[in-house]
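One is the number of the first residue; the rest follow in order along the sequence.
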Amino acid sequence: MPLMTTYAGKDCWEERTQVPLLVLAVVFGVAYAVPIVTPGADAWVHRLCSYAEWTVWAAFALDYLVRLALAPARWAFVRGHPLDLLAVVLPMVQPLRLLRVVSTLLLVGRRARMAPQITLTTYVAGAVVGLMMFGSLAVLHVERNAPNGNIKTLGDAVWWSFTTMTTVGYGDHAPTTGLGRFLAVGLMLSGIALLGVVTANIATWFISRFERDDEVERRQTELLEELTLEVRALRAEVARLSAPAEDTPGGPAAPAIPDVTDATETAGLTDPTGPPPGAPGAEGGAGAPAVPSVISPRS
C-alpha cells in the first residue's frame, strides 16, 4: 500500500470517528455515574450501565486496532502510543470498573488532543472537569462502604476532589482505604499538572496580548514618523514653488518688456505730438515758423 494512501486513510478514519467517540465517552460517563449515585436502582439498570461501559471500551479498542492497521509503520505506532495500548489492555487484565474508567479517560484524552477544533483551553478545562467528576465518583464508590470512611455522599466526594486537585487539603475528608488513597495520589498529580497548564496558558495569553499592544504602538509610531517626513517634504516643495523667480537658482528669466520707441521707429512712425519727417520744423530741416491764421470777426 502506498505511503500517502495509508496516511490519508488513517487521517480520514480519525476525522470521521472523533465526534462519535466523544459522544460514546459521554455515554460512558453517564453509565458509570448512575450506579454510584443511585446504588438502590433496579438490577437491570446496573446491568445496562455495565453493558454500556463495556461497549464504549470495545469501541475505543476497535478504533485503536483500525488506526494500527492503517498506520504506515505499525511498530512505530505502538511505540508512539503507549498509553493507548495500556488503556486497551488494562480492562482485559482484571475486569474492574476503575480500570475501565482509567482506560476510557486515557483514550478520550488522546482523541480530544487530536481534534483540530478543540483548542488547548477547551481541552484543559474539559480535562479538569472530567477528572474531578470521575475522581469524585471513583472515590465515592470505593469509600462509601468503608468501615472508617468519611466520604459518604456525592457532595463530600466532590469537595474532597476539589481540595485535592488544588493541593489545599483541608483534611475534613480523606480516603481511608488503600485504593482510595491510590486514587488520591493520582488525582493530586493530575491536578497539579492540569492546573500548571492552566496557569501557563493564562500567562501566555497575557504575554501575547501585551506583545500585540506593543506591536500596535510601534506601528503607530512608524506611521507618525513617515507622516512627519512627508509633511516636511511637502513644506519644502511649497516653499520652493512660492519663492521669486530671480531668487530661484536656475529658474526661468523674467520676460523682456518691448521698447515702444524702438518699435515705432522700426515701423516708420513718429511721435504724434511732433512734426512728420520732412515737414517744416522737423529736425534737420529749414522750416519757417508757423503763421497763425487770423480770422477777422464779422462786422
*Can you establish whether the number of heavy atoms outside R16 located under 6.0 Å from its atom CZ is more than 12?*
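Atom CZ in R16 is not crowded, with 12 or fewer foreign heavy atoms closer than 6.0 Å.
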
_For a side-chain contact (heavy atoms from CB on, under 4.5 Å) check, start with the C-alpha distance between F77 and Y64, then their side-chain angles and the critical distance, and finish with the verdict._
CA-CA 10 Å; F77 178 82; Y64 177 82; 3.7 Å; yes

_Checking V45 against T38 for the side-chain contact (heavy atoms from CB on, under 4.5 Å) test, could you report, in this order, the C-alpha distance in whole Å, the side-chain angles of both residues, the deciding distance, and whether it holds?_
CA-CA 10 Å; V45 176; T38 58; 5.7 Å; no

Looking at [atom1] of [X] and [atom2] of [Y], how far apart are the two atoms once the value is rounded to the nearest 0.5 Å?
| X | Y | atom1 | atom2 | value |
| --- | --- | --- | --- | --- |
| E226 | L229 | CD | CG | 8.0 Å |
| R181 | E143 | CZ | CD | 8.5 Å |
| N145 | T177 | CG | OG1 | 10.5 Å |
| L48 | H46 | CG | NE2 | 11.0 Å |

*Among all residues two or more places apart in sequence or in another chain, which pass the salt bridge (Lys or Arg N to Asp or Glu O under 4.0 Å) test with E230?*
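Result, salt bridge (Lys or Arg N to Asp or Glu O under 4.0 Å) vs E230: none returned.
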
*With sequence neighbours left out, write down each residue that passes salt bridge (Lys or Arg N to Asp or Glu O under 4.0 Å) with E211, or none if nothing qualifies.*
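By the salt bridge (Lys or Arg N to Asp or Glu O under 4.0 Å) rule, E211 matches no residue at all.
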
*salt bridge (Lys or Arg N to Asp or Glu O under 4.0 Å) partners of residues 215-224, not counting sequence neighbours, each pair once*: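 Listed once each, the pairs are E215-R218, R219-E222.
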
*May I ask you to decide if the ring planes of W159 and Y170 are parallel, tilted or perpendicular, using 30° and 60° as cut-offs?*
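Parallel: the ring planes of W159 and Y170 meet at under 30°.
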
Cluster link [X] to [Y], ILVMFWY, side chain under 4.5 Å:
| X | Y | value |
| --- | --- | --- |
| I36 | V34 | no |
| F134 | V129 | no |
| Y51 | V27 | no |
| V26 | W57 | no |

*Evaluation steps, side chain to side chain donor-acceptor pair (under 3.5 Å), between D63 and W13*: CA-CA 9 Å; D63 171 70; W13 170 264; 2.9 Å; yes

Output side-chain donor-acceptor pairs under 3.5 Å for residues 149-156, partner residues at least two apart or in another chain, one line each.
residue, atom, partner, partner atom, Å
N150, OD1, A174, N, 3.3
K152, NZ, R144, O, 2.9
K152, NZ, A146, O, 3.1
T153, OG1, D156, N, 3.2
T153, OG1, D156, OD2, 3.1

*Kindly say whether S136 contributes a backbone atom to a donor-acceptor pair with the side chain of S161 at under 3.5 angstrom?*
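The answer is yes, because a donor-acceptor pair under 3.5 Å joins these two groups.
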
*asked:* Between T163 (side chain only) and W160 (backbone N and O only), is there a donor and an acceptor less than 3.5 Å apart?
replied: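 At least one qualifying donor-acceptor pair exists.
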
*Indicate the atoms forming the closest heavy-atom contact of G180 with V142, along with that distance.*
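That closest heavy-atom pairing would be N-CG1, 3.8 Å.
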
Could you list the donor-acceptor pairs under 3.5 angstrom formed by side chains in residues 183-192, with sequence neighbours left out?
residue, atom, partner, partner atom, Å
S190, OG, G186, O, 2.8

_Going by side chain to side chain contact (heavy atoms under 4.5 Å, CB included), name the residues that satisfy it together with A76, two or more places apart in sequence or in a different chain._
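Partners of A76 under the side chain to side chain contact (heavy atoms under 4.5 Å, CB included) test: A73, R79.
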
*State, with a plain yes or no, whether a side-chain heavy atom of R212 is found less than 4.5 Å away from one of V216.*
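No; the side chains remain at least 4.5 Å from each other.
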
*Below 4.5 Å, heavy atoms only, C-beta onward: do V139 and T164 meet side chain to side chain?*
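Heavy-atom side-chain distance check fails, nothing below 4.5 Å.
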
*asked:* Between W54 and F28, is the side-chain contact (heavy atoms from CB on, under 4.5 Å) condition met? List the steps.
replied: CA-CA 9 Å; W54 280 106; F28 175 86; over 6 Å; no

